[in-house]
S.K.: 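Here you go, one structure.
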Number of protein chains: 2
Amino acid sequence: MTKLTIVFKALADPTRRKILELLKKKSMPAGAIAEHFKITPPSLTHHFNLLKQADLISQERQGQQIIYSLNLSVMEEMIDDYFKLFKKR
Amino acid sequence: MTKLTIVFKALADPTRRKILELLKKKSMPAGAIAEHFKITPPSLTHHFNLLKQADLISQERQGQQIIYSLNLSVMEEMIDDYFKLFKKR
DNA sequence: TTAATATTTAGATACTTACCTAAATATCTA
DNA sequence: TAGATATTTAGGTAAGTATCTAAATATTAA
């Protein structure tokens, strides 16, 4: 699977897009993210894994918590490299 | 399913992205598109349907052929409305 | 109107995915 | 070290998806 396919698959789910939007405001631990959803922690971990695979987020342990952060650069690269093809201006 | 989810799902497949890239060069009938792939016509029709559902392409019959065209505006809207959120400049 | 061409529809199958429950791991605190 | 907290891993299931073959539809040409 190409990197682009992995990224689009990651974005093709509303839960994962909402996670990205939360992380755009600020980095936060899994538990704080979980408060915004009604799915179980294992399901959220599944989504974190796909977002990590797409390199859209990073994680860092801080004590008992795992802090997730958005990797803005991957989004930007995608816009620059792929969508520019289809952009007028 | 939201419109954005439908569009990202449509883009999350290499065959469909290649169809879009072909149509970006010029509109063409299903058969001409098919020459670039090794999958069967019904499989291609399946991909056309998903791209149409995402409003990324349009079709128009011309005699025996169905001519497909790219809807650039949908791509542009998506870049403007969604990705701008994540874009620095 | 019959045959040929272009494409889609119908239906089946193997694979993938999003979700769950139960159990495991990692860290902190008493 | 034992217990509590935060998160992940393992394993299962129902629903979705990409593909195929066979049949149907639409159009053109003989």
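In what follows, every chain begins at residue 1, and chains take the letters A, B, ... in the order their sequences are listed. Values in this document were obtained by computation on a predicted structure and should not be read as measured data.
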S.K.: When only distance counts, do a donor and an acceptor, one from the side chain of A:Gln64 and one from the base of D:dT5, lie under 3.5 Å apart?
M.R.: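 In this structure, the two groups form a donor-acceptor pair.
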S.K.: Do A:Asp13 and A:Leu50 have side chains that get closer than 4.5 Å, going by heavy atoms?
M.R.: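 Heavy-atom side-chain distance check fails, nothing below 4.5 Å.
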S.K.: Group every Ile, Leu, Val, Met, Phe, Trp and Tyr by side-chain heavy-atom contacts under 4.5 Å, then state whether B:Phe86 and B:Val7 land in the same group.
M.R.: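 Looking at the clustering, B:Val7 is in the same group as B:Phe86.
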S.K.: What is the distance, rounded to the nearest whole Å, between atom CG of A:Asn49 and atom C1' of D:dT9?
M.R.: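 Distance, rounded to whole Å: 10 Å.
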S.K.: How would you label the contact of B:Pro42 with the nucleic acid (heavy atoms, under 4.0 Å): base, sugar-phosphate, or nothing?
M.R.: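 Base contact.
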S.K.: Starting from the 5' end of DNA chain C, give me the residue, A:Lys9 or A:Ser43, whose nearest nucleotide shows up first.
M.R.: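 Nearer the 5' end of the strand: A:Lys9.
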S.K.: How long is the gap from CD1 on A:Ile66 to CZ on A:Arg61, to the nearest 0.5 Å?
M.R.: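 A:Ile66 CD1 to A:Arg61 CZ: 4.0 Å, rounded to 0.5 Å.
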S.K.: Between C1' on D:dT9 and CG on A:Leu44, what's the gap in Å once rounded to a whole number?
M.R.: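 So the CG-C1' distance, A:Leu44 to D:dT9, works out to 15 Å.
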S.K.: In the structure I gave you, are the side-chain heavy atoms of B:Tyr68 and B:Ile19 within less than 4.5 Å of one another anywhere?
M.R.: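 No, side chains not in contact.
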S.K.: Toward the 5' end of DNA chain D, which comes first, B:Leu50 or A:Ala32, by nearest nucleotide?
M.R.: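 Looking at DNA chain D, the more 5' nearest nucleotide goes with A:Ala32.
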S.K.: Just how far, in rounded Å, is C1' of D:dT25 from CD1 of B:Ile66?
M.R.: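 Whole-Å distance recorded here is 11 Å.
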S.K.: Measure from CE on A:Met1 to P on D:dA18 and round the result to the nearest Å.
M.R.: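 Distance, rounded to whole Å: 12 Å.
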S.K.: Touch check for A:Gln59, heavy atoms < 4.0 angstrom, all strands: base, sugar-phosphate only, or nothing?
M.R.: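 Sugar-phosphate contact only - A:Gln59 comes under 4.0 Å of backbone atoms but never of a base.
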S.K.: Determine the interplanar angle of the B:Phe8 and A:Phe8 rings, folded into 0 to 90°, and report it as parallel if under 30°, tilted if 30 to 60°, perpendicular if over 60°.
M.R.: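 Correct class here is tilted.
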S.K.: Could you tell me how far apart B:Phe8 (CZ) and D:dT17 (P) are, to the nearest whole angstrom?
M.R.: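 After rounding, the gap between these two atoms is 16 Å.
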S.K.: Base, sugar-phosphate or nothing for B:Phe37? Non-hydrogen atoms, less than 4.0 Å.
M.R.: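 The answer is nothing, as B:Phe37 stays clear of every strand by at least 4.0 Å.
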S.K.: Rounding to a whole Å, what distance do you find between B:Gln62:CD and D:dT27:P?
M.R.: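 One finds 13 Å between P of D:dT27 and CD of B:Gln62, rounded.
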S.K.: Should A:His36 and A:Leu22 count as side-chain neighbours, where that means a heavy-atom distance under 4.5 Å?
M.R.: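 Side-chain contact under 4.5 Å: yes.
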S.K.: Could you tell me the separation between the CD atom of B:Gln53 and the P atom of D:dA18, rounded to a whole number of Å?
M.R.: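 For the pair B:Gln53 CD and D:dA18 P, the rounded distance is 11 Å.
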S.K.: Quick one: are B:Arg17 and A:Thr2 in side-chain contact, heavy atoms under 4.5 Å?
M.R.: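 Yes. Closest side-chain heavy atoms under 4.5 Å.
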S.K.: Earliest and latest nucleotide of DNA chain C, 5' to 3', sitting under 4.0 Å from a non-hydrogen atom of chain A?
M.R.: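 Contacts span C:dT17 to C:dC28, reading 5' to 3'.
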S.K.: Would you kindly give the CD1-to-P distance between B:Ile39 and D:dT17, to the nearest whole Å?
M.R.: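 So the two atoms are 16 Å apart, to the nearest Å.
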